[in-house]
Amino acid sequence: MIRVLHSELQSNIGGIEAFLLNLTKTIDKTNLQFDFLMRGDNSYLENTLKDYGANIYKVPSGMSNYYKFVKNILIKNNYDFVHVHKNSAANIVLPLMVKKYTNAKLIVHSHNTSPSGGSKIAIMLHKINRNKLMQLSDYRFACSDTAAAWMFGHDYKDEQVKIIKNGIILKDYVYNSEMRNKVRTDLRLTNKFVIGHVGAFREQKNHKFLLKLFSQLNIPNAELVLVGEGPLKEEMKRYAKELGIQDKVLFLGSRNDVNNLLQAFDIFAMPSLWEGLSIAAIESQTSGLPTLVSTNFSSDVKITNQLHFLPLQIQIWIKKINEIEENSKKRPNNSEIIKKAGYDMQDTVNEIKTLYFNEKLK
């Protein structure tokens, strides 16, 4: 039995959580045990992973309590791998503990191009710790070349880092007109032109820009749907009220049916300040949605001609939205294009599982 500890899940289902859910659902767990460290609570996330045989360990707050708790988990479970999913090298406590208390192989997996918080202190710590993290890790994965350069340095060698694309379960995202009608009816969006966004309410996702441009959009039946949780959610609700658009903005909170919600959208918009390789943007293209992203995204995210890179200038976004609204077309099935580009979760699973089992045989 190969035992793998993944770290770490957050209560809001973001890119890392979505990746780990898809990985766990898809991988053949014969002779393979997944466990997870987690902060906070999310019953859907916890129950789904437990249904697939995983153990969930809730880490306590406070560094001293965290250290004692995780040390016990590491020593007790004798892991073969600790697979650390990170947005930055700002915090390398767990990698240091893995090397001190276990014989597990350490995998560091880069999922972004900046810390989630984006603070100056976090960026400074990242730069200080990056070389050390490179030395500590036995294997290095990244979701894109940009994410690899961010986590491991621009001078990293190709053989040092393996690009593992953020695969998705394609069949869950193929456009379905019946589901579209159901969701739009449930959300009272029938006959509306729906602009959708999926992402945690953090600085990175740039919700303020999205709300401001929506307030200036001159499409009478337009609605903005925001999916996610996060520390800036209440502030963004207040900002929507200040702009006078609160009646046309739906804050749906954290959802476990994003694949269905995408069917109801007419445009997917992500004006992020920074991104690695966005799973959400891959999902939206799979569902046949016109997808607007900022020029801060990795170029790797463009798989179909329905994705458009736009600078963070409101009038440019409005012009593109108006253009799409006036020339609405039938939603295509892009699943084969996405698969050929390497974003089928089964292909991702095959690469990761090969490493787990081949290394164990050494």
Side-chain angles (χ1 to χ4, degrees), residues 6-8 14-20 23 81-96 98-99 105-168 199-200 202-206 270-282 285 291 293-303 307-312 341-343 347-348 351-352 355:
H6 291 279
S7 176
E8 68 185 13
I16 290 175
E17 290 73 26
F19 176 83
L20 288 173
L23 177 66
F81 297 91
V82 177
H83 194 151
V84 181
H85 303 264
K86 298 185 73 64
N87 289 328
S88 84
N91 182 342
I92 60 170
V93 171
L94 179 58
L96 287 167
V98 171
K99 290 303 175 181
K105 296 294 184 180
L106 175 65
I107 303 170
V108 174
H109 198 150
S110 177
H111 288 269
N112 214 324
T113 58
S114 193
S116 298
S119 70
K120 290 182 179 178
I121 293 176
I123 293 173
M124 179 182 71
L125 287 172
H126 167 76
K127 291 179 179 178
I128 292 172
N129 292 336
R130 190 161 60 182
N131 287 339
K132 183 65 175 177
L133 189 62
M134 187 75 159
Q135 295 167 9
L136 290 169
S137 55
D138 296 289
Y139 298 98
R140 291 156 291 276
F141 295 164
C143 64
S144 68
D145 291 332
T146 310
W150 159 255
M151 185 66 71
F152 305 113
H154 291 276
D155 56 350
Y156 81 89
K157 296 178 176 61
D158 289 344
E159 63 270 20
Q160 293 177 307
V161 182
K162 185 172 183 60
I163 304 302
I164 301 285
K165 293 185 177 180
N166 284 343
I168 63 173
R202 298 182 181 277
E203 179 189 1
Q204 173 188 2
K205 300 302 181 181
N206 204 12
M270 291 192 76
S272 302
L273 297 175
W274 63 86
E275 282 289 346
L277 195 295
S278 168
I279 291 180
I282 303 299
Q285 290 176 86
T291 301
V293 303
S294 71
T295 51
N296 297 317
F297 276 66
S298 165
S299 60
D300 297 346
V301 78
K302 184 175 177 65
I303 302 172
L307 185 135
H308 307 276
F309 293 102
L310 301 176
L312 289 175
Y343 291 95
D347 294 334
T348 302
E351 291 193 82
I352 291 176
L355 183 142

Has the side chain of [X] got a donor or acceptor atom that lies under 3.5 Å from a matching backbone atom of [Y]?
X    : Y    : answer
N166 : I279 : no
N206 : L273 : no
Q204 : G199 : no

Would you say the side chains of E275 and S278 form a donor-acceptor pair under 3.5 Å?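 No, no side-chain donor-acceptor pair sits under 3.5 Å.
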
What's the spacing between [X] [atom1] and [Y] [atom2] if we round to 0.5 Å?
X    : Y    : atom1 : atom2 : answer
T146 : D300 : OG1   : CG    : 6.0 Å
K205 : W274 : NZ    : CH2   : 9.5 Å
R140 : L106 : CZ    : CG    : 9.5 Å
Y343 : K165 : OH    : NZ    : 4.5 Å
N91  : K86  : CG    : NZ    : 5.0 Å
I128 : I123 : CD1   : CD1   : 12.0 Å

Neighbour count >12 (heavy atoms, 6.0 Å) for atom NZ, K162: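 Atom NZ in K162 is not packed in, count stays at 12 or less.
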
Go through the structure and list residues passing ring pair (Phe, Tyr, Trp, His ring centres under 6.0 Å) with F141, not counting sequence neighbours.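 Testing F141 for ring pair (Phe, Tyr, Trp, His ring centres under 6.0 Å), a comparison that skips the adjacent residues, returns H83, H109.
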
Pairwise side-chain contact, N296 with L312, heavy-atom cut-off 4.5 Å (strictly under):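 N296 reaches L312 side chain to side chain.
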
